[in-house]
Amino acid sequence: MPEGHTIHRLARDLRKDLTQRNVPVSSPQGRFAESACVLDGDVVSRVEAAGKHLFMHWESDQILHIHLGLIGKFRPYPVNDPLTGEIRLRLEGEKTAWHLTGPQTCVLVEPAVVAGVLDGLGPDPLRRDGRRGDFVDRIAGSKKAVGAILLDQDVIAGIGNVFRSELLFMVGIHPSTPSNSLTEDQADEIWNIAADLLRVGVKLNRIVTVTPEDAGAARWRLSDDERLYAYKREGLPCRRCGTEIVIGKVANRSMWWCPRCQPG
DNA sequence: TCTTTATGGTGAG
DNA sequence: TCACCCTAAAGAT
């Protein structure tokens with residue numbers, strides 16, 4: 001579920017469903033019960049996404065910091081649906097109730113915490129303040145493998161394990177390539193494609209990287225088996241050259257690439 | 001009915 | 001580099 005596109009889409013949907021109304025807030029599971037009481041009936045004033053972080057600002061000046069982590073989900077359900085599972089946080093809208101399960105972070109914070117998180121993040125292509133130049137500088141300033149550095153949230157905020165494999169496939173760069181050996185044009189291209197793919201992700205509410213040219217169809221039409229170039233496709237033929245996609249470990253996590261399209 | 005896995009991040013050794 | 005946290009769904013038995 002959660003790379004940057006998920007969080008920005010959530011911010012948009014939560015804004016639409018929950019602002020300008022008193023929101024019943026609860027924690028059916030109980031682990032957020034005390035804070036839920038503090039927020040119960042409050043009004044959402046602003047919802048902000050930064051990389052994989054979500055901040056909900058309330059009119060009482062409370063700020064709710066949410067990070068989904070690997071397994072967290074924040075999804076809408078009909079308000080009258082029976083409650084099942086480990087619902088840490090429930091926000092009730094008019095027809096829709098949002099259920100948060102398995103988050104890495106769900107806590108009320110002071111403004112200084114928000115500032116600290118924002119300060120620690122690299123540029124986010126989905127934010128107005130996300131500067132491509134900052135990304136290019138950070139790419140040039142590290143000798144780590146590019147496949148590793150793309151996961152560093154202080155280099156570029158919002159990229160995760162799916163996007164890093166897909167990005168490097170699309171620019172034709174081997175994941176082990178030292179970051180500081182990329183040309184400025186290559187870094188620019190990674191940024192531009194990342195921005196494009198993230199925007200597509202927000203729009204479709206899922207990651208689809210295969211281009212209409214390669215697919216012969218619009219992105220929104222592609223099935224789960226058709227939408228990615230490399231991620232989880234080890235042993236399958238590359239969509240561009242037919243060579244078998246390979247899998248390896250980069251920065252302690254699985255990574256996929258085409259040995260022919262991404263020589264190294 | 002198990003075990004494994006997942007688009008993430010932290011903190012200890 | 002590793003264990004660990006959180007949860008649900010998919011896969012193996």
_Main chain of A/H174, side chain of A/T177: is a donor-acceptor contact present, judged purely on distance under 3.5 Å?_
yes
*List the atom of A/C258, the atom of A/F169, and the distance in Å for their closest heavy-atom pair.*
CB-CE1, 3.9 Å
*Mind calculating the distance between CG (A/L121) and P (B/dG8) to the nearest angstrom?*
14 Å
*Give the rounded distance in Å between these two atoms: CZ of A/R233 and P of B/dT7.*
16 Å
*asked:* If I compare all heavy atoms of A/Q262 with all of A/P175, which pair ends up nearest, and what's the gap?
replied: NE2-CD, 4.3 Å
*Counting just side-chain N and O atoms, does A/Q29 come under 4.0 Å of either OP1 or OP2 of C/dC6?*
no
*Is it true that a side-chain atom of A/S179 and a backbone atom of A/I139 form a donor plus acceptor pair closer than 3.5 Å?*
yes
_Can you list, by chain and residue number, the hydrophobic cluster partners of A/L70 when the side-chain cut-off is 4.5 Å?_
A/I71
Tabulate protein N/O versus nucleotide N/O from nucleotides 8-11 of chain C, keeping only pairs under 3.5 Å, one per line.
{"from": "C/dA8", "atom 1": "OP1", "to": "A/E86", "atom 2": "N", "distance (Å)": "3.0"}

_Nearest-Å distance once atom P is located in both B/dG9 and C/dA9_ = 22 Å
*How does DNA chain C read in dot-bracket, base by base from 5' to 3', with Watson-Crick or G-U pairs under 3.5 Å and | used when the partner is on another strand?*
|||||.||||||.
_Toward the 5' end of DNA chain C, by each residue's nearest nucleotide, A/L68 or A/N252_ = A/N252
_At 4.0 Å (heavy atoms only), tell me whether A/R206 reaches a base, stays on the sugar-phosphate, or touches nothing._
nothing
*With distance as the sole test, does A/E166 use its side chain to make a donor-acceptor pair with the main-chain N or O of A/Y231 at under 3.5 Å?*
yes
_Salt bridge check, A/D152 against A/R138: does any charged N sit closer than 4.0 Å to a carboxylate O?_
no
*In whole Å, what is the span from the CE atom of A/M255 to the P atom of B/dA6?*
15 Å
_Any donor-acceptor pair under 3.5 Å linking the side-chain atoms of A/D124 with those of A/H8?_
yes
*Heavy-atom count around A/R260 CZ within 6.0 Å, excluding the residue itself: above 12?*
no
Pairs: protein N or O with nucleotides 9-13 of chain B N or O, under 3.5 Å:
{"from": "B/dG9", "atom 1": "OP1", "to": "A/H67", "atom 2": "NE2", "distance (Å)": "3.3"}
{"from": "B/dG9", "atom 1": "OP2", "to": "A/K52", "atom 2": "NZ", "distance (Å)": "3.2"}
{"from": "B/dG9", "atom 1": "O4'", "to": "A/Q104", "atom 2": "OE1", "distance (Å)": "3.2"}
{"from": "B/dG9", "atom 1": "O4'", "to": "A/Q104", "atom 2": "NE2", "distance (Å)": "3.3"}

*Under 4.0 Å between a Lys/Arg side-chain N and an Asp/Glu carboxylate O for A/E92 and A/R90?*
yes
*Please measure how far the P atom in B/dT4 lies from the corresponding atom in C/dA3, and state the result in whole Å.*
14 Å
*Using atom CD1 of A/I66 as one end and atom P of C/dT7 as the other, report the distance to the nearest whole Å.*
14 Å
*asked:* Among residues at least two apart in sequence or on other chains, which ones pass salt bridge (charged side-chain N to carboxylate O under 4.0 Å, His left out) with A/R206?
replied: A/D224
*Applying the side chain to side chain contact (heavy atoms under 4.5 Å, CB included) test to A/H67, which of A/T105, A/L54, A/V107 qualifies?*
A/T105
*asked:* Suppose you measure atom P in C/dA8 against the same atom in B/dT10; what distance do you get, rounded to whole Å?
replied: 23 Å
_Distance between C1' atoms of C/dT1 and B/dT7 (Å, rounded)_ = 22 Å
*asked:* What is the separation between atom CD1 on A/I71 and atom C1' on C/dC4, rounded to the nearest whole Å?
replied: 12 Å
_Rounded distance in Å - CG (A/N161) to C1' (B/dT5)_ = 13 Å
*Mind calculating the distance between CG (A/L10) and P (B/dT7) to the nearest angstrom?*
18 Å
_Whether A/T101 side chain and A/E86 backbone form a donor-acceptor pair below 3.5 Å_ = no
*Using modelled atom types only, decide if a donor and an acceptor are shared between the side chain of A/S165 and the backbone of A/W256 within a distance under 3.5 Å.*
yes
*Contacts to DNA chain B from residues 169-180 of chain A, heavy-atom cutoff under 4.0 Å, which residues?*
none
*Rounded distance (Å) that lies between atom P of B/dT5 and atom NZ of A/K232*: 10 Å
*For A/G160, which contact category applies under a 4.0 Å heavy-atom criterion: base, sugar-phosphate, or nothing?*
sugar-phosphate
*Check the pair A/L14 / A/V44 against side chain to side chain contact (heavy atoms under 4.5 Å, CB included), numbers first and verdict last.*
CA-CA 9 Å; A/L14 291 167; A/V44 176; over 6 Å; no
